[in-house]
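Pasting in a structure now, in structure tokens, and then I'll have a few things to ask.
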There are 2 protein chains.
Amino acid sequence: MLIGPLPPKRSRRSSGAVTLHDVARLAGVAPITASRALNTPEQVSEAVLQKVKDAVASTGYVPNRLAGGLASTRSRLVAAVVPTISGAVFLETVQSLTETFAQAGYQVMLGQAGYDGLREDALLKAIVGRRPDGVVLTGIVHSVEGRKLLTASGIPVVETWDLTPTPIDMLVGFSHVEVGRAVAAFLHARGRRRFGVVAGNDPRAKLRYESFHSAAIAFGLPAPKVVVVPAPTTLKYGRDSLSRLMECNGANNAIDAIFCSSDSLALGVMTEARVQGVRIPEDVAVVGFGDLDFAAYMQPALTTVQINGGAIGRQAAQFILDRADGREIVQRVIDIGFKIVDRQST
Amino acid sequence: MLIGPLPPKRSRRSSGAVTLHDVARLAGVAPITASRALNTPEQVSEAVLQKVKDAVASTGYVPNRLAGGLASTRSRLVAAVVPTISGAVFLETVQSLTETFAQAGYQVMLGQAGYDGLREDALLKAIVGRRPDGVVLTGIVHSVEGRKLLTASGIPVVETWDLTPTPIDMLVGFSHVEVGRAVAAFLHARGRRRFGVVAGNDPRAKLRYESFHSAAIAFGLPAPKVVVVPAPTTLKYGRDSLSRLMECNGANNAIDAIFCSSDSLALGVMTEARVQGVRIPEDVAVVGFGDLDFAAYMQPALTTVQINGGAIGRQAAQFILDRADGREIVQRVIDIGFKIVDRQST
DNA sequence: GCTTGATTTGGTAGCGCTACCATTGCAATC
DNA sequence: GATTGCAATGGTAGCGCTACCAAATCAAGC
């Protein structure tokens with residue numbers, strides 16, 4: 001049986017959206033030329049550029065970055081992993097990360113690993129599946145599996161908020177050990193002699209109070225009393241913890257300084273102190289960590305360890321952008337440092 | 001000149017990563033069968049499933065979701081837009097959004113529109129370019145341009161944290177007008193008669209204090225004094241604002257109740273009150289907004305408007321997942337409501 | 001005129017995956 | 001045995017874009 005030529009067999013799979021081909025046809029140029037007009041306009045004549053721009057405007061064309069990413073193996077997608085977003089400490093980092101990347105035309109995917117690390121491997125696998133141009137690990141302990149996955153993927157990785165001896169790839173952070181030591185020295189210099197600690201149960205907080213602990217011993221002081229609370233740290237835990245620290249206080253060995261692993265905990269400690277009639281700083285000095293927006297304006301204003309979370313985010317983003325643009329990275333590990341801000345609570 | 005057949009012309013474009021084809025070859029099946037084994041295992045025999053699983057394990061294959069998304073026009077990517085992530089109010093929503101989506105195999109892209117809405121259009125364009133399966137707008141004023149772009153893209157949109165009369169698509173929020181009214185009624189019932197307001201300059205806060213204002217008038221009370229501060233609202237602004245409210249207090253028309261547009265502001269107001277010897281709640285009642293984690297544990301504990309931010313996020317995610325799975329959505333607008341939590345500050 | 005080199009444009013062939021349709025094998029039914 | 005129906009597998013053809021190479025165009029130089 002003879003049948004006529006097959007009908008054009010219009011594909012039903014198309015998403016229906018305007019494509020680069022539509023724009024090109026409208027502008028009277030080849031698709032690849034339209035692509036260049038949008039991505040590398042300097043390679044294209046004025047006339048063509050204008051025609052393509054007009055076509056884009058009149059069709060409302062929005063490039064499909066999924067297709068572009070697949071073709072160019074550059075997704076312009078970046079993943080940021082935090083333990084949990086409601087932890088407040090990493091907010092500034094996430095914010096500056098998102099902003100810096102947005103300006104460079106990158107999009108940030110947010111991943112929450114959870115404090116227990118159970119979801120971590122699944123999360124990393126999901127992330128790698130998106131073929132991001134970079135991964136920023138914000139305060140995360142990574143399993144051996146996870147490290148392997150990231151290394152094998154070849155994706156640039158920036159670890160932050162810590163100074164590990166063996167970074168996966170790049171790193172921008174500070175030494176928690178130094179922080180603990182510095183706070184102990186600071187309190188010792190202020191004449192404080194009996195230290196207490198209120199800390200969340202995360203590994204970096206542990207680094208801080210352990211070095212705080214050994215520094216105290218090194219000064220010839222009694223071993224600090226440590227109260228560990230579950231993460232995320234909140235005002236409530238701060239209040240509870242002060243009570244626990246006070247309970248075991250004899251008359252002549254009262255704690256006279258408390259190092260908190262977050263400003264929120266410090267806020268709680270100071271709240272409870274007021275309720276119990278403990279004077280700050282007269283009876284007890286309080287040091288926080290993070291220098292969140294409220295620290296400077298509390299009453300009394302909180303002495304705390306200031307970390308430039310915004311700078312961490314910007315530097316992490318810069319690392320990845322440099323790598324993406326093929327720039328050599330000479331310094332793969334950056335110590336961003338910290339500062340003890342001396343205010344009224346000490 | 002006669003030359004032999006061209007060499008295989010090995011493409012140099014491949015990313016080098018393991019592909020589904022590699023897995024299929026190793027498992028001794030066709031690529032499409034391997035695809036089914038991974039995506040719809042019930043369509044495949046036990047034997048094949050096992051072979052493919054083994055091949056995946058031995059190669060460390062991670063599916064390329066960019067390619068999958070392009071082919072299936074389902075990116076399993078979702079965008080969440082907030083004014084700024086460091087605003088704290090939306091954190092719980094972002095958290096539950098990310099978690100709910102992660103469980104369903106979706107990834108969340110984070111976008112910060114800024115409070116001024118300048119970057120909004122550029123941000124939305126960048127988002128649409130990723131062809132996400134949904135967009136969650138968290139407390140955002142959207143321009144006409146932006147609305148058009150979203151509507152034209154056909155992407156499911158959920159607006160949250162507000163109850164606009166004309167939603168773009170779907171909505172889960174609550175009535176800020178009702179909140180203002182309810183707080184006024186609450187304070188009035190407590191015998192308070194001279195109201196003050198401390199509010200961030202965002203449009204939703206404005207809705208709240210304007211209806212608070214008119215409710216006060218309706219009760220026959222004097223017009224509340226309003227202090228507006230820039231967003232994001234912090235403790236500092238709360239302290240400043242209390243001073244401003246007190247300044248204009250005569251002896252016999254002292255403000256006896258303050259409605260703050262965030263718990264952070266309330267914390268500031270209460271801090272300054274303590275400094276100035278203003279007793280809470282005896283002299284002045286304070287009501288916050290948000291019921292952040294610290295509100296219940298402040299001293300005195302803060303009476304505040306509780307919004308279930310987590311529920312908003314989960315419901316927004318559910319909307320988009322339902323849409324993605326082709327389920328009918330009968331109720332496209334959901335009022336999640338709010339609750340005044342009566343504590344010690346009133 | 002012809003070469004040379006730079007600039008601008010176009011064609012082809014994928015990127016890695018899945019939608020769609022076709023085929024195979026095999027038990028159940030008439 | 002032929003037919004039907006279903007489950008399991010495979011082949012083909014894109015999804016919308018860009019890398020790579022080839023060709024065309026043009027000004028400059030001899």
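Because the structure is a prediction, the values reported are computed rather than measured. Quick note on labels: first sequence line is chain A, next is B, and so on, each numbered from 1.
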Residue list, salt bridge (Lys or Arg N to Asp or Glu O under 4.0 Å) with Asp169(A), at least two apart or on another chain
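By the salt bridge (Lys or Arg N to Asp or Glu O under 4.0 Å) rule, Asp169(A) matches Arg323(A), Arg332(A).
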
Using a strict heavy-atom distance below 4.0 Å, which residues from residues 121-130 of chain B are in contact with DNA chain C?
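The answer is none.
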
Using five pairs at each end of the helix from dG1(C)-dC30(D) to dC30(C)-dG1(D) to define an axis, what is the angle between those two axes, to 10°?
50°

In short, Leu70(A) meets Ala67(B) closest at the heavy-atom pair CD1-CB, 3.7 Å

Mind checking salt bridge (Lys or Arg N to Asp or Glu O under 4.0 Å) for Asp54(B) and listing every partner two or more places apart, or none if nothing turns up?
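Per chain and number, Asp54(B) pairs via salt bridge (Lys or Arg N to Asp or Glu O under 4.0 Å) with no residue.
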
Test salt bridge (Lys or Arg N to Asp or Glu O under 4.0 Å) applied to Glu120(B) - qualifying residues, sequence neighbours left out
none

Pairwise side-chain contact, Leu171(B) with Gln315(B), heavy-atom cut-off 4.5 Å (strictly under):
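Heavy-atom side-chain distance check fails, nothing below 4.5 Å.
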
Can you run down the salt bridge (charged side-chain N to carboxylate O under 4.0 Å, His left out) pairs that involve residues 15-28 of chain B, sequence neighbours left out, and say none if there aren't any?
Asp22(B)-Arg25(B)

Hey, can you pull the donor-acceptor pairs under 3.5 Å for the side chains in residues 150-161 of chain A, sequence neighbours left out?
residue, atom, partner, partner atom, Å
Thr151(A), OG1, Arg147(A), O, 2.6
Ser153(A), OG, Leu150(A), O, 2.7
Ser153(A), OG, Ile155(A), N, 3.2
Glu159(A), OE1, Ile168(A), N, 2.8
Glu159(A), OE2, His142(A), NE2, 2.6
Thr160(A), OG1, Leu137(A), O, 3.0
Trp161(A), NE1, Thr93(A), OG1, 3.0

May I ask you to list the residues of residues 23-60 of chain B, by number, that have any heavy atom positioned under 4.0 Å from an atom of DNA chain C?
Ile32(B), Ser35(B), Asn39(B)

Rounding to a whole Å, what distance do you find between Asn64(A):CG and dG16(D):P?
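Rounding to the nearest Å, CG of Asn64(A) and P of dG16(D) are 7 Å apart.
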
Listed once per pair and sorted, the side-chain hydrogen bond (donor to acceptor under 3.5 Å, both in side chains) pairs that draw on residues 28-41 of chain B, sequence neighbours left out
Ser35(B)-Asn39(B)

Strictly by salt bridge (charged side-chain N to carboxylate O under 4.0 Å, His left out), give each pair with a member in residues 59-85 of chain B just once, sequence neighbours left out.
Arg74(B)-Asp325(B)

Would you mind reading off the distance between Leu70(B) atom CG and dT18(D) atom P, rounded to a whole angstrom?
12 Å

Does some side-chain heavy atom of Lys125(A) sit less than 4.5 Å from a side-chain heavy atom of Val128(A)?
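No; the side chains remain at least 4.5 Å from each other.
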
With sequence neighbours left out, what residues match Phe319(B) under ring-ring contact (aromatic ring centres under 6.0 Å, His included)?
none

Side-chain contact test, heavy atoms from C-beta onward, threshold under 4.5 Å: evaluate it for Ile127(B) versus Gln107(A) and give yes or no.
yes

NE2 of His21(B) versus C1' of dA13(D): gap in Å, rounded?
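Going from His21(B) (NE2) to dA13(D) (C1'), I get 12 Å.
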
Kindly indicate whether the side chain of Tyr106(B), heavy atoms from C-beta on, has any atom under 4.5 Å from the side chain of Pro132(B).
no

Let me know the distance between CG of Leu66(A) and C1' of dT18(C), rounded to the nearest Å.
13 Å

Just the atom pairs and distances: protein N or O near nucleotides 26-28 of chain D's N or O, under 3.5 Å.
none

Just the rounded figure in Å: distance from P of dG16(D) to CG of Leu20(A).
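Those two atoms, CG and P, are 11 Å apart.
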
